[in-house]
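Everything on this sheet refers to the single structure shown next.
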Amino acid sequence: MGGTPLMLFNSVEFLFGFLPIVLAGWWLLAGRRTVQLWFLFVASVCFYSYWDWRFTPLLLASIVLNWLAAEGFFAWRMRWLPIAAIVANLVTLGLFKYLGFFESIVVATTDWRSDLARLALPLGISFFTFHHIIYLADLLGKGAPRYRFRDYALYIALFPQILAGPLVRHREIIPQFSDESARPDWQERSSRAIALFLIGLAKKVVFADALAALADPVFTQAASGPVSCGAAWTAALAFPLQIYFDFSAYSDMAIGLAALFGFSLPYNFNVPYRATSLQEFWRRWHMTLSRFLRDYLYIPIGGSRQSLPKHLAALLATMVLGGMWHGAGWTFILWGGLHGSGLAAGVLWRRWLPPLPAMAGWVLLMTFLIVSWVMFRAPSLPAALHIYAGMAGQTAAAPLGGIATILPAAAVALLGPSSQAVAGQFNPWRWLAPVGALATAALLLKLADGPSYEFIYFRF
Amino acid sequence: MNSSTSASKPSAWGRLLRQYVVSCALLAIVLGTLLVALDPYDTGRLALVRGSSVPHFEPRLTAASLARDPEKNAAIIGNSTVQLLDPARLSESTGLTFVSLAVPGTGPLEELVIADWYLRRHRLEHGKAPEALVIDLDESWCRADGRLEITNPFPFWLYSESTLVYIGNLLRLKSFEAAARKLKVMVGYDPPIRSDGYRDYDAGRQWDAASVEARLAEKRVDPILPDTIQFAAIPRLRKLMDAVPGNAAVVLVFVPRYYTALPSPGSNGDRLLRLCKDAYRRIAAERPRTAVLDWLVDSALVRDEQSFWDQVHFRQPVARIMERGIADVIRETRTAALPTLPTPQQ
């Protein structure tokens with residue numbers, strides 16, 4: 001993505017260009033719902049195209065073809081149509097995301113030398129492909145309503161969610177399209193939406209970017225050689241916090257933005273590092289992905305209602321595929337494998353051993369997460385091994401860096417309430433307006449100061 | 001979003017929303033006006049508060065103010081590799097008044113922007129033509145793949161001629177820090193930096209053989225030559241030199257590197273360096289009163305480890321030799337009718 005302009009939620013172009021224009025247009029069209037929704041669809045496509053217009057036809061074609069497959073299913077009741085569409089979606093995702101990876105395996109294990117061109121990864125493809133699959137799978141399974149083209153197109157393209165989620169079910173969002181945006185509670189909803197957006201912005205510019213500045217250089221160094229013990233621990237402690245603040249910030253901003261247009265999106269994080277078991281962690285972390293994997297992968301392959309070995313294998317397969325969804329590479333497969341094994345170990349523990357005290361469970365979980373996030377973040381397997389060697393004290397000793405950044409971030413991540421709890425519970429106190437304005441000014445001034453790091457989840 | 005409380009209180013929520021929007025707008029106007037009026041970087045644009053001296057702050061920000069001093073009729077342009085050239089010594093030996101606009105961590109792109117700002121400010125604000133420019137040609141000027149990139153963020157907006165671009169970028173936390181530093185210097189709370197911009201990285205540092213020797217021994221990889229060799233800095237430098245008044249001397253300086261960082265004879269790096277030096281010599285030959293000084297050669301000067309901190313940062317003894325060489329060539333070019341290509345002193 002180097003050099004290409006991204007219209008990020010925390011960019012000047014977005015905050016002072018795109019967002020005010022689209023909000024103004026949305027409110028000017030109030031009362032003309034059909035025009036309003038088409039306007040939002042066109043704005044969303046513009047948002048997506050700002051990154052790279054060459055992928056706009058791919059997005060539009062995927063919307064039209066998947067909707068036509070559903071229409072065909074309703075017209076002729078041919079089950080193969082949604083099945084073929086699911087396969088086509090997965091093949092497209094595979095072509096863009098995994099072709100290079102599989103080619104590298106073939107090249108490494110055989111004498112074959114390929115001259116396949118590397119395809120650029122269209123932004124958000126992992127997310128909009130899953131949105132198509134949710135609908136198509138529901139058509140085949142539980143049954144899903146027939147949607148008009150406008151509604152389906154907006155479901156897929158809606159700008160707050162298209163790039164990095166949350167993964168929304170069609171039933172959660174499409175019925176809201178018929179609600180008038182100027183409902184009586186729009187002022188309260190907009191106030192809470194702005195609060196959530198500001199909380200997200202604060203997480204990003206105060207914590208995530210500062211943590212990235214600690215972790216990034218170490219992982220870059222690990223790609224080319226050993227890192228000192230102190231540096232390895234700095235990165236291993238900073239990255240779990242960075243990815244939490246970064247991705248939950250993005251989710252807060254996305255949910256807040258959608259709420260400004262009157263749409264309620266599902267929450268994605270619920271103070272995950274307070275969990276005391278891996279199972280609980282996945283109920284609090286990237287919650288919309290967890291439930292997608294549970295409902296559209298884990299349960300269809302048998303879930304827990306089968307023999308123990310098959311149950312454990314289902315967990316492992318789900319998490320390995322979940323790992324691969326994050327990226328094409330051995331590090332992601334191993335990260336998924338670690339989490340699958342961890343969840344399987346949890347199943348066995350609960351079956352045969354007494355429950356762990358909460359504090360012991362938390363310490364065990366944190367140790368597991370710190371170790372496994374290294375695998376997730378490392379640019380390659382050897383880089384991960386360099387970090388592990390540093391953590392194990394096999395390299396030069398050096399002091400731990402960035403304590404002044406890591407400790408407050410950890411305190412907020414562990415003790416602080418969830419963003420949705422803060423944004424959902426305040427009252428319209430008079431002092432909030434000036435305080436909110438000061439916070440907005442401080443965050444925007446801080447944002448303008450430095451080049452903000454990209455949100456991590458755009459890479460997936 | 002949860003609407004947990006009070007759909008029954010729409011007026012209170014409406015008031016909150018209105019007051020928030022109005023507060024944001026007022027704050028933007030107040031902060032914006034304050035910053036523009038304070039002119040934190042002393043660029044002279046729309047300022048109500050004029051700065052007298054330059055505070056200690058990031059060199060890439062203070063260069064905008066240093067370059068505007070009407071007394072400074074000669075400038076050193078470059079990065080940390082010419083930071084030790086002392087403007088006071090150069091001024092003494094040339095009769096000119098030098099300012100150092102050396103900004104660490106920059107390359108041709110940023111340095112040419114600063115040089116252009118210096119020339120424009122002197123022409124537009126003071127109506128005076130500078131008398132001499134010394135330009136540091138470090139290895140980033142010999143990048144041969146036709147591209148130029150910046151390695152550190154640089155405030156191009158600060159050096160822009162467009163007031164709109166300037167105001168659009170002024171609203172940032174750093175500007176408040178700059179304004180505070182400016183005010184502290186104005187009221188005498190903080191000392192200013194030297195008005196000629198000199199920052200001595202040698203002062204107070206202990207030369208430690210073990211760590212310096214390790215840095216000096218670093219191995220360099222011989223570069224792969226691109227298919228088409230193109231020095232992207234050259235057209236930009238030519239454009240800048242067109243804007244330099246005809247009477248002014250321009251000295252292009254190939255700065256010394258410790259000998260372990262010089263390419264071995266016959267290598268790709270050696271070939272590239274020769275082509276690069278030839279290219280800059282040609283451009284110097286196109287303009288009268290322009291000279292190239294080349295210390296980027298193997299000599300006794302670059303084999304004395306005590307004269308270096310690392311492979312590209314020299315110490316005071318080297319700076320003294322270079323200052324004498326630069327002063328000589330400036331005196332010579334200013335009195336000569338035609339350009340000269342002297343041999344550097346070592």
Side-chain angles (χ1 to χ4, degrees), chain A residues 2-3 12 16 20 183-198 205 252 255-267 419-452, chain B residues 1-35 40 58 60-61 147-158 164-180 214 221:
Chain A
V12 173
F16 297 103
R183 294 194 301 269
D185 68 338
W186 73 269
Q187 292 162 328
E188 177 180 355
R189 208 181 52 227
S190 302
S191 303
R192 296 194 188 286
I194 292 168
L196 194 55
F197 188 86
L198 288 178
V205 301
D252 292 343
I255 296 165
L257 285 169
L260 275 181
F261 293 85
F263 305 129
S264 171
L265 299 184
Y267 293 115
S419 312
Q420 53 268 29
V422 177
Q425 283 170 7
F426 67 87
N427 283 317
W429 299 298
R430 279 178 177 271
W431 54 265
L432 265 183
V435 170
L438 278 173
T440 308
L443 288 172
L444 292 179
L445 288 169
K446 172 88 178 136
L447 186 66
D449 240 0
S452 197
Chain B
M1 300 292 302
N2 295 336
S3 295
S4 62
T5 50
S6 59
S8 59
K9 295 191 281 181
S11 61
W13 287 107
R15 195 178 57 230
L16 175 66
L17 209 51
R18 263 195 317 277
Q19 287 176 349
Y20 169 75
V21 172
V22 170
S23 305
C24 282
L26 281 177
L27 213 52
I29 292 167
V30 169
L31 293 179
T33 311
L34 193 70
L35 273 187
E58 296 169 26
R60 62 199 58 226
L61 298 171
R147 301 196 309 169
L148 289 176
E149 281 168 8
I150 62 169
T151 48
N152 296 296
F154 186 80
F156 289 102
W157 57 271
L158 186 59
L164 265 183
V165 170
Y166 166 72
I167 292 175
N169 285 278
L170 189 61
L171 271 173
R172 58 182 65 220
L173 221 47
K174 191 147 301 246
S175 301
F176 287 94
E177 191 187 344
V221 181

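Labels below follow one simple rule: chain letters A, B, ... track the order of the sequence lines, proteins then strands, and each chain is numbered from 1.
With a 4.5 Å cut-off on non-hydrogen atoms, A:Ile194 touches chain B through its side chain but not through its backbone. With a 4.5 Å cut-off on non-hydrogen atoms, B:Leu31 touches chain A through its side chain but not through its backbone. When heavy atoms are compared at a cutoff of 4.5 Å, B:Leu171 approaches chain A by way of both its backbone and its side chain.
Counting heavy-atom pairs closer than 4.5 Å to chain A, the top-ranked of the candidates B:Pro155, B:Ala25, B:Ser23, B:Ser175 is B:Ser23. Looking only at heavy-atom pairs under 4.5 Å with chain B, the residue among A:Ser190, A:Ala433, A:Pro434 that has the most is A:Ala433. Ranked by heavy-atom pairs under 4.5 Å with chain A, the first of B:Leu26, B:Val22, B:Leu27 is B:Leu27.
Of all non-hydrogen atoms in A:Pro428 and B:Leu16, the two that sit nearest each other are CA-CD2, 3.9 Å.
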*Pair A:Phe426-B:Trp13, ring pair (Phe, Tyr, Trp, His ring centres under 6.0 Å): steps then yes or no*: CA-CA 11 Å; A:Phe426 67 87; B:Trp13 287 107; 5.7 Å; yes
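With values rounded to the nearest 0.5 angstrom, B:Lys174 atom NZ is found 12.0 Å from B:Leu158 atom CG.
In this structure, the side chain of A:Arg189 does not engage the main chain of A:Phe263 through any donor-acceptor pair within 3.5 Å. Under a 3.5 Å cut-off, the side chain of B:Arg60 and the backbone N or O of B:Pro153 do form a donor-acceptor pair.
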